[in-house]
Amino acid sequence: MEDKYQFAKELVLDAGEFLRQHLEDELVIEEKGHFTDLVTQLDKTVQENLTAKIMERYPTDRILGEESLEHLPLGQGKVWVIDPIDGTTNFIVQKADFAVLVAYFEDGLGQFGLIYDVIEDKLYHGGGQFPVYENDRLLPPFQSKSLKEGLIGLNAGLYAQNYAGLGDMADHTLGTRSIGSAGISFAHVLTGRLLAQASYIYPWDYAAASILGEKLGYTMMTTSGKKPAFYGREYIIFAPTEKINEIKRYLR
Ligand code: IPD
Ligand code: CA
Ligand code: CA
């Protein structure tokens, strides 16, 4: 697994370097069903490059990528989960706060996860048998604090709707933040900048963070308190495991 993990780190760093080199390219922007759900030629190219490199080295492994035509379940076999650009809207409009996300599973068990904040040049990596790092800095497990000492990552829509009681929960924290990249928001939970993060997202958005978080005392669950299905889109909250019972008191 060590070889595969090193390979994955190089893969993700190279993808980030590619995106930095192409940051000022003229973008071909397409809508995927709604004018706020965008994809560019660079999302597709990065996914194609990652897929080609993985297939060349591990021809029998399988890929679950956001931009793939087929979205397979990841319960069986060796599966790489890829989000080539997490935060495409940020990539287009802000040229910052976007990430490359990769997670690797064997028979449904997370082996390692990678979140690469491309502009900050911060790679969050580890999980499974590997300790969790931000670049070369070993990340400690969750450092205990109360809800009212922390911030929650939550977008304005979910807060305004008080979806599943998330607004009520947020009212018992110092406030909300909304970054526009689920992957980077989850990384902020891992470093303690956010206490928790809730979003309506797909497996490629949360797979890497769920593997990293398991190692450091965080839980990825649906807002109804279940284990995520790792299939289709769900309302997900990522929070310190020791806070889950308290958080559940606000959720409905
Ligand atoms: C999106 C981002 C965003 C989240 C959306 C995701 P994408 O990913 O993670 O923060 O709110 O639900 O779809 O489409 O830019 O890869
Ligand atoms: Ca995404
Ligand atoms: Ca994406």
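None of the values given here were measured: they were computed from a predicted structure.
Counting all heavy atoms, side chain and backbone alike, Met1 lies closest to Gln111 at CE-OE1, 3.5 Å. Across every non-hydrogen atom of Ser199 and Gln197, the tightest pair is OG-NE2, 2.8 Å. Looking at every heavy atom in both residues, Glu242 comes nearest to Ser144 through OE2-OG, 2.7 Å. Between Ile211 and Gly110, the shortest heavy-atom contact is CD1-CA, 3.5 Å. Taking both residues in full, the closest heavy atoms of Ile236 and Pro228 are given as CD1-CB, 3.7 Å, listed atom of the first, atom of the second, then distance.
Legend: ring-ring contact (aromatic ring centres under 6.0 Å, His included) pairs involving residues 176-199, not counting sequence neighbours, sorted by first then second residue: Phe186-Phe238. For the ring-ring contact (aromatic ring centres under 6.0 Å, His included) condition, no pair includes a residue of residues 30-54, sequence neighbours left out. Residue pairs meeting the ring-ring contact (aromatic ring centres under 6.0 Å, His included) criterion with at least one partner in residues 141-166, sequence neighbours excluded, are Phe142-Tyr218, Tyr163-Tyr235.
One distance of note links CD1 of Ile115 with CG of Leu212; it measures 5.0 Å at 0.5 Å rounding. Rounded to the nearest 0.5 Å, atoms CD1 (Ile247) and CE (Met221) are 6.0 Å apart. Atom CG of Asp37 sits about 9.0 Å away from atom CD of Glu31, to the nearest 0.5 Å. Note that CE of Met220 is 5.0 Å distant from OG of Ser210, once rounded to the nearest 0.5 Å. Rounded to the nearest 0.5 Å, atoms CG (Leu166) and CG (Asp168) are 9.0 Å apart. Interatomic distance, OG of Ser224 versus CG of Leu251, reported as 9.0 Å (0.5 Å rounding).
Residues satisfying the salt bridge (charged side-chain N to carboxylate O under 4.0 Å, His left out) criterion with Glu120, sequence neighbours excluded, are absent altogether. Legend: residues meeting ring pair (Phe, Tyr, Trp, His ring centres under 6.0 Å) with Tyr206, ordered by chain and number and at least two apart, are Phe230. By the side-chain contact (heavy atoms from CB on, under 4.5 Å) test, Ala164 pairs with Thr223, sequence neighbours left out. In this structure, Glu234 has no salt bridge (charged side-chain N to carboxylate O under 4.0 Å, His left out) partners at least two apart in sequence or on a different chain. Judged as a side-chain hydrogen bond (donor to acceptor under 3.5 Å, both in side chains), and not counting sequence neighbours, the contacts of Asp43 are Thr40, Thr88. Here Thr241 pairs with Thr219 under the side-chain contact (heavy atoms from CB on, under 4.5 Å) rule; sequence neighbours left out.
Proximity of Leu194 to Ile152: side-chain heavy atoms (C-beta onward) are nowhere separated by under 4.5 Å. At a threshold of 4.5 Å between non-hydrogen side-chain atoms, the residues Leu190 and Leu216 count as touching. Put simply, the side chain of Tyr124 does not reach to within 4.5 Å of the side chain of Val132, judged on heavy atoms. Between Met169 and Leu154 there is no side-chain heavy-atom pair separated by less than 4.5 Å. Residues Leu174 and Leu147 are not in side-chain contact: their nearest non-hydrogen atoms beyond the backbone lie 4.5 Å or more apart. Side-chain contact check for Asp205 versus Asp86: some heavy-atom pair is nearer than 4.5 Å. Side-chain atoms of Thr173 and Leu151, non-hydrogen and from C-beta on, never get closer than 4.5 Å to each other. Proximity of Lys32 to Leu38: side-chain heavy atoms (C-beta onward) are nowhere separated by under 4.5 Å.
Atom CD of Glu134 is surrounded by more than 12 heavy atoms from other residues, nucleotides or ligands within 6.0 Å. For Arg62, the CZ atom is densely surrounded, since the number of other residues' heavy atoms within 6.0 Å is greater than 12.
Under 4.0 Å is where a charged nitrogen must lie from a carboxylate oxygen, and between Asp107 and Lys78 no such pair does. Salt-bridge annotation for Lys44 and Glu66: absent, with no side-chain N of the basic residue lying under 4.0 Å from a carboxylate O of the acidic one.
Taking a 4.5 Å side-chain heavy-atom cut-off between Ile, Leu, Val, Met, Phe, Trp and Tyr, the cluster of Leu138 extends to Tyr133.
A donor and an acceptor atom, one from each side chain of Asn155 and Ser178, are nowhere located under 3.5 Å apart. No side-chain donor from either of Thr45 and Glu48 sits under 3.5 Å from a side-chain acceptor of the other.
With ring centers used as reference points, His172 lies under 6.0 Å from Tyr250.
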Criterion side chain to side chain donor-acceptor pair (under 3.5 Å) on Tyr5 and His125, from CA distance to verdict: CA-CA 9 Å; Tyr5 178 50; His125 59 98; 2.6 Å; yes

Worked check of side chain to side chain contact (heavy atoms under 4.5 Å, CB included) between Asn90 and Ile85: CA-CA 10 Å; Asn90 288 349; Ile85 303 180; over 6 Å; no

Side chain to side chain donor-acceptor pair (under 3.5 Å) evaluation trace for Tyr116 with Asp121: CA-CA 7 Å; Tyr116 186 35; Asp121 189 24; 2.5 Å; yes

Assess the residue pair Ile63 and Val79 against the criterion (side chain to side chain contact (heavy atoms under 4.5 Å, CB included)); give the C-alpha distance rounded to whole Å, side-chain angles, the decisive distance to 0.1 Å, and a yes or no. CA-CA 6 Å; Ile63 311 274; Val79 184; over 6 Å; no

Would Arg137 and Thr191 count as a side chain to side chain contact (heavy atoms under 4.5 Å, CB included) if you check the C-alpha gap in whole Å, the side-chain angles of each, and the deciding distance to 0.1 Å? CA-CA 11 Å; Arg137 180 170 78 94; Thr191 60; 4.1 Å; yes

Apply side chain to side chain contact (heavy atoms under 4.5 Å, CB included) to residues Asp3 and Arg57 and explain how you reach the verdict. CA-CA 11 Å; Asp3 277 4; Arg57 178 121 170 204; 4.3 Å; yes

Pairs under 3.5 angstrom only: tabulate donor-acceptor contacts from the side chains of residues 6-19 to other protein residues two or more places apart or in another chain.
{"unit_1": "Gln6", "atom_1": "NE2", "unit_2": "Glu2", "atom_2": "OE2", "d": "2.7"}
{"unit_1": "Glu17", "atom_1": "OE1", "unit_2": "Arg20", "atom_2": "NH2", "d": "2.8"}
{"unit_1": "Glu17", "atom_1": "OE2", "unit_2": "Gln21", "atom_2": "NE2", "d": "3.0"}

Please list, one pair per line, the donor and acceptor atoms closer than 3.5 Å that link side chains of residues 92-105 to other protein atoms, with sequence neighbours excluded.
{"unit_1": "Lys95", "atom_1": "NZ", "unit_2": "Leu23", "atom_2": "O", "d": "3.0"}
{"unit_1": "Tyr104", "atom_1": "OH", "unit_2": "Lys4", "atom_2": "NZ", "d": "2.6"}
{"unit_1": "Tyr104", "atom_1": "OH", "unit_2": "Glu106", "atom_2": "OE2", "d": "2.6"}

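Note on Leu114 and Val46: same hydrophobic cluster, where clusters join Ile, Leu, Val, Met, Phe, Trp and Tyr whose side-chain heavy atoms are under 4.5 Å apart, directly or indirectly.
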